[in-house]
Amino acid sequence: MSTTMSFRSTLLRPLAVAALAFGLAAPALAAEGAPKPPREEWSFAGPFGTFDQAQLQRGFQVFKEVCASCHAAHLFSFRNLAQPGGPSFSEAQAKAVAESYQVQDGPNDAGDMFDRPGRLSDRWPSPFPNEQAARASNGGAYPPDFSTLAKARTYEVGFPGFLIDIFTQYQEQGPDYIHALLVGYEEPPEGFTLPEGAHYNKYFPGHAIKMPQPISDGQVTYSDGSPETLDQYSRDVTAFMMWMAEPHLEARKRIGFQVMIFLIIFAGLLYFTKKKVWKDVAH
Amino acid sequence: MSGHSTFEPKHPALKWFESRLPLVGLIHSSFVAYPTPRNLNYWWTFGGILSLMLVCQILSGVVLVMHYTPHITLAFDSVEHIMRDVSYGWLIRYIHSNGASMFFIAVYIHMFRGLYYGSYKAPREVLWILGCIIYLLMMATAFMGYVLPWGQMSFWGATVITNLFSAFPVVGPTIVEWLWGGFSVDNATLNRFFSLHYLLPFMIAGVVVLHVWALHVVGQNNPTGVEPKSAKDTVPFTPYATIKDAFGMVCFLIFFAWFLFYIPNYLGHADNYIPANPLVTPAHIVPEWYYLPFYAMLRAVPDKLGGVLTMFGAIIVLFFVPWLDTSKVRSGVYRPLFKQFFWIWIAVCIGLGWLGSKPAEGGYVIAGRILTIYYFAHFLIILPLLGLFEKPKAVPASITEAVLGKNKGAAPASAGVSAPQTKG
């Protein structure tokens, strides 16, 4: 009996100590003066979370028709559209998307650059040739690249939430923030002076964002009957951005569960072996 | 590594080899016959866990290097290439990045255990100091490793930390330029950090060998702090410690896997998924969690040089703990006052860590100053005085006596059955 007791207390105490120690790492990207984005329900959250393929396909449509006109995604390739764990387009569909874009290639044998239809192996073409060109067309602001954006945004959770997040595995602060931002455009409150060329957003740090409201109700026509509302567009494109930032999320959680099962069984076997080995030795 | 080996090779080929290089005998005497106190608790499994983490970091690191490009224009994208295109690259990269944090969690528990049970006291001073050197090397290695993905926090963390050296009079700016390999954190900095990040883990491995060697010369401490007096006080390392360590390691791996597979970015910074940009400073530059207490001390001192010296002093003071603690009693178990101060000190360390993650303003700075002073007071005032004024509880005559006393009543079946173990 005493073995079991000491086993329990010796295991729980480091956990508690460690839990305290980790929390200190909570990302401290403060959104000065901005309210905390509400927590949303995401299909990819939690230990068994997976992407909703239809949602990713809709999100891709929003990205392609709206966001991609200003935002690049230079780590994203056409072939990703057909890879497992993503929007699950067929290879033919992904190829058709690729071919609908002209991609610069070269130099050819004559030393000239030339345009050709895109291939699966091509990266997503950027809307601007360089950052300066992007800034020049967007009032001096650089539309951030989408490749890792969903993991590059967060908000401060604060105590004790950041400790609870370890146990609930809540990691969706980035998508929460992006969704909140997309639906967070408002009229500036009384007395708020908005700088020239900026727009008021409830969730943007400092509230003055250069990006005008990018999308509104009815702007994109869905073919699957999903509501054509700002809220739905925003959720769909946010899920798509999360997949773009973490394309192997589903594999990670699936393998994680298998590893956990293995380790827990292994630990159990070791525990009883250890008990047997130490049976005749008081300690 | 302790005493002569009792290993008797049977096979003729092994006999031939053993008479030329007694390698198997060395392994046998170090990890099989090595007498280990019978009363070690699970806090003692962290030494083995740390060895496991070192191997894990080196193996995953070697594979990462096969796909990583140390150049400021390519580093960020090459890490993302690992995350996206390399088979199981995301797994290897998350193992390595979360593994660093796990390594530090384990080392902090290992150090706290040493401090609580007086494992630094004679004759284990050299063992303790070697451990402090490993800790310093780990800090340097982890710092340089965090720079390699060349994200925003990589770049700005490197800028802030390397700039600290400019606080030293006369030689400061020269040291900083030497560290940078230029006049700012740039490609030369990334390249040398990459080179050193690959080198230092092998230096750690070297010092670990010395650390284990020193351990096997003086023997392990134990929760009573009483040295083994007879063969009854110890059990052979294998199977007793081996199986217990293995169980501890697998439990630690479950904890590791929780972070690795479910919240792999929890311990990192979102800003590091933004490529480094020397023209845009992040709102808050915060180091990795394991540096936060030291970061809080750095910022607690109004003077830059004073802050740097305080920060380094906080680590240097650990080297002198064997002589700062004047108590004749080794283990904290028998030191009622020390025990309380120990837990206060742990709380102070956690408090400093929390303050390190907060902006350096207002009440946070004042709290940081108070806790910094207390951190040093613990080592420089409380530890020396406690030894003089504290009335320790009665220390058991031997490990076996302590074990049998503890188990009396609780487990009558095992009382008295103390299976005498032959020492090696």
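Just so we're on the same page: letters track the sequence lines, and every chain starts at 1.
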*Measure the spacing between CG of N277(B) and CD of E131(A) and express it to the nearest 0.5 Å.*
6.5 Å
*Side-chain contact test, heavy atoms from C-beta onward, threshold under 4.5 Å: evaluate it for I166(A) versus F259(B) and give yes or no.*
yes
*Heavy-atom contact with chain A under 4.5 Å, split by part of I254(B)*: both
*Would a distance-only check, ignoring hydrogens and angles, find a side-chain to backbone donor-acceptor pair under 3.5 Å from Y266(B) to F162(A)?*
yes
*Within the distance-only criterion (no hydrogens, no angle test), does the side chain of H283(A) pair as donor or acceptor with the backbone N or O of V403(B) below 3.5 angstrom?*
no
*What pair of heavy atoms forms the shortest contact from L270(A) to A246(B), and how long is it?*
CD1-O, 3.6 Å
*Which bit of Y88(B) is near chain A, if near means a heavy-atom gap under 4.5 Å: side chain, backbone, both or neither?*
side chain
*Does I243(B) offer a backbone N or O that forms a donor-acceptor pair with the side chain of W278(A) under 3.5 Å?*
no
_Within this structure, what is the CG-CG distance for the pair L75(A) and D77(B), rounded to the nearest 0.5 Å?_
5.0 Å
*What is the minimum heavy-atom distance between L260(B) and R252(A), and which atoms define it?*
O-CD, 4.1 Å
*Of all heavy-atom pairs between P264(B) and Q171(A), which one has the smallest distance, and what is that distance?*
CD-OE1, 3.5 Å
*Gap separating the OG1 atom of T148(A) from the CD1 atom of I274(B), nearest 0.5 angstrom*: 7.5 Å
_Region of P47(A) in contact with chain B, defined by heavy-atom distances below 4.5 Å_ = both
*So, the side chain of Y262(B) versus the backbone of F257(A): is there a donor-acceptor pair under 3.5 Å, distance only?*
yes
*asked:* I need the minimum non-hydrogen distance between A257(B) and M260(A), along with the two atoms involved.
replied: C-CE, 3.6 Å
*Leading residue by heavy atom contact count with chain B [cutoff under 4.5 Å; candidates I255(A), D165(A), D145(A)]*: I255(A)
_Exceeds 12 heavy-atom contacts within 6.0 angstrom, atom CD of E41(A)_ = no
*Kindly determine whether D85(B) and R79(A) satisfy side chain to side chain contact (heavy atoms under 4.5 Å, CB included), including the steps that lead there.*
CA-CA 11 Å; D85(B) 302 330; R79(A) 67 184 158 80; 3.2 Å; yes
*Assign the ring pair F247(B) / Y271(A) to parallel, tilted or perpendicular, where the plane angle (0 to 90°) is split at 30° and 60°.*
tilted
*Heavy-atom proximity to chain B below 4.5 Å, by part of V259(A)*: side chain
*With only heavy atoms counted, which part of F256(B) is less than 4.5 Å from chain A, the side chain, the backbone, both or neither?*
neither
_Shortest non-hydrogen contact from R84(B) toward H248(A)_ = O-NE2, 2.7 Å
*Mark yes when over 12 heavy atoms from residues, nucleotides or ligands other than E40(A) sit less than 6.0 Å from its CD; otherwise mark no.*
yes
*Taking K253(A), E246(A), Q83(A) one by one, which has the highest count of heavy-atom pairs under 4.5 Å against chain B?*
E246(A)
*Side chain, backbone, both or neither: which part of S77(A) has a heavy atom under 4.5 Å from chain B?*
neither
*In terms of heavy-atom proximity below 4.5 Å to chain B, should L269(A) be classed as side chain, backbone, both, or neither?*
neither
*What are the two closest heavy atoms between K151(A) and Y94(B), and how far apart are they?*
NZ-OH, 3.3 Å
*Contact part of R254(A) toward chain B, heavy-atom cut-off under 4.5 Å: side chain, backbone, both or neither?*
neither
